There are 2 protein chains.
Amino acid sequence: MPDSHDMLFRTLADPTRRAIFERLCRDGELTVGALTAQAGVSQPAVSKHLGVLKQAGLVRDRQAGRQTHYSAQLGALSPLIDWTSQMAGFWEARFDDLEDLLARMDQ
Amino acid sequence: MPDSHDMLFRTLADPTRRAIFERLCRDGELTVGALTAQAGVSQPAVSKHLGVLKQAGLVRDRQAGRQTHYSAQLGALSPLIDWTSQMAGFWEARFDDLEDLLARMDQ
DNA sequence: CCAACTCATATCTCTCTGGTTATGAATAAA
DNA sequence: TTTATTCATAACCAGAGAGATATGAGTTGG
């Protein structure tokens, strides 16, 4: 059962794809051509990566004539933030349990 | 050049491996056997996943007799947190630039 | 209308990796 | 000292996916 975390992690796992996303975060809206110019891979490869990013909700595309403009959707990162703080939460919960245990032992 | 983000994202991209890490966050230290019991894959598969997690610094292992106890190393997640806030930072920087521009235009 | 441009899709290849079974090393128990 | 248990490693297999090239659809400019 591939949940939302799954898609996010898998999408961001590829260095080329993550670099494209980072670039969109830095520079804002960019065309496929502009992205391809610095991606180090072919234009079809970039298009495929953009497709995956779009599928994951990480980017938005805007058609304008014969070129497509892509921009990052930062909100799509929130499941990742949630997951991280959830892990930290588990950690702290266990720490609290330990404290409770010690407190009870102390009585 | 696979940086630290790379290893983290790639390591956490696999569902089975991420589930193992989540379990270690929830339940604390666990043996390979205990992890295997609920992993849904064979023991060698679990061992391999633990090896990858250890390589990424996400887990620690402690030998005790014939069993190995693994525990999560939450601190290894900080590059991930850093990356996320960096992306958000880029976003805000661009927003600030826009505000500056508008402010200058307003004069 | 025709030529050039921008991007997406189709197809193929090849590598990477997550899974398995088999096995061995180390430790504990009988 | 055997026997059983726990885990890691080796070898192998199959599927996924990231890359390339080829091509076509849609758009702009001459």
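Here is the naming used below: chain letters follow the sequence lines, and residue numbers restart at 1 for every chain. Note that this is a predicted model, so its numbers are computed, not measured. Because only heavy atoms are used, hydrogens play no part in the values below, and waters and symmetry mates are left out as well, while side chains stay in.
As rounded to whole Å, 9 Å separates atom P of dT20(C) from atom NZ of K48(B). The distance from atom CG of L35(B) to atom P of dA8(D) is 10 Å, rounded to the nearest whole Å. Look at CD on Q63(A): it is 14 Å from P on dT6(C), rounded to the nearest Å. Distance, D6(B) CG to dA18(D) P: 12 Å, rounded to whole Å. Following rounding to the nearest Å, D14(A) (CG) and dC16(C) (P) show an atom-to-atom distance of 13 Å. We find that CD of Q43(B) is positioned 15 Å from P of dT23(C), with the value rounded to whole Å. Across the protein-nucleic acid pair, L53(B) atom CG and dT17(C) atom C1' stand 15 Å apart, rounded to whole Å. The distance between atom CZ of F9(B) and atom C1' of dG17(D), rounded to the nearest whole Å, is 19 Å.
In this structure, the separation between CG on L74(B) and CG on L24(B) is 11.5 Å, given to the nearest 0.5 Å.
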>> Go through it in stages, so that I can follow the logic: the residues are V52(B) and D14(B), the test is side-chain contact (heavy atoms from CB on, under 4.5 Å), and I'd like the CA-CA distance, side-chain angles, deciding distance and then a yes or no.
In response: CA-CA 11 Å; V52(B) 176; D14(B) 182 75; over 6 Å; no

> Run the side-chain contact (heavy atoms from CB on, under 4.5 Å) check on R18(B) and D6(A) step by step: do they pass?
Replying inline: CA-CA 9 Å; R18(B) 196 172 58 254; D6(A) 235 16; 2.6 Å; yes

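For the pair Y70(A) and dT6(C), the criterion of a side-chain N or O lying under 4.0 Å from OP1 or OP2 is not met. The side chain of H49(B) places an N or O atom within less than 4.0 Å of a non-bridging phosphate oxygen (OP1 or OP2) of dG19(C). Distances shown here put every side-chain N or O of R17(B) at or beyond 4.0 Å from the OP1 or OP2 atom of dT17(C).
When each of L12(A), T11(A), L8(A) is tested with F9(B) by the rule side chain to side chain contact (heavy atoms under 4.5 Å, CB included), just one qualifies, namely L12(A).
If you find the closest nucleotide of DNA chain C to V52(B) and to P44(B), the one lying nearer the 5' end belongs to V52(B). The 5' end of DNA chain D is approached more closely, in terms of each residue's nearest nucleotide, by G40(A) than by the other of G65(A) and G40(A).
Backbone-only contact: T16(A) has heavy atoms under 4.0 Å from sugar-phosphate atoms and none from a base. Among the atoms of the strands shown, base atoms are found under 4.0 Å from some heavy atom of S42(A). As judged by a 4.0 angstrom heavy-atom cut-off over every strand, A45(A) is placed among residues touching the sugar-phosphate backbone only. Backbone-only contact: Q67(B) has heavy atoms under 4.0 Å from sugar-phosphate atoms and none from a base.
When the nucleotides dA8(C), dC7(D), dT20(C) are ranked by their closest atom to the side chain of T68(B), dC7(D) comes out on top. Relative to the side chain of R10(B), the nucleotides dC7(D), dT17(C), dA8(D) differ in distance, and dT17(C) lies closest.
With hydrogens and angles ignored, no donor-acceptor pair closer than 3.5 Å exists between the side chain of R66(B) and the base of dC7(D).
Annotation for V32(B) and S47(B): closest pair CG1-OG, 4.0 Å, computed over non-hydrogen atoms.
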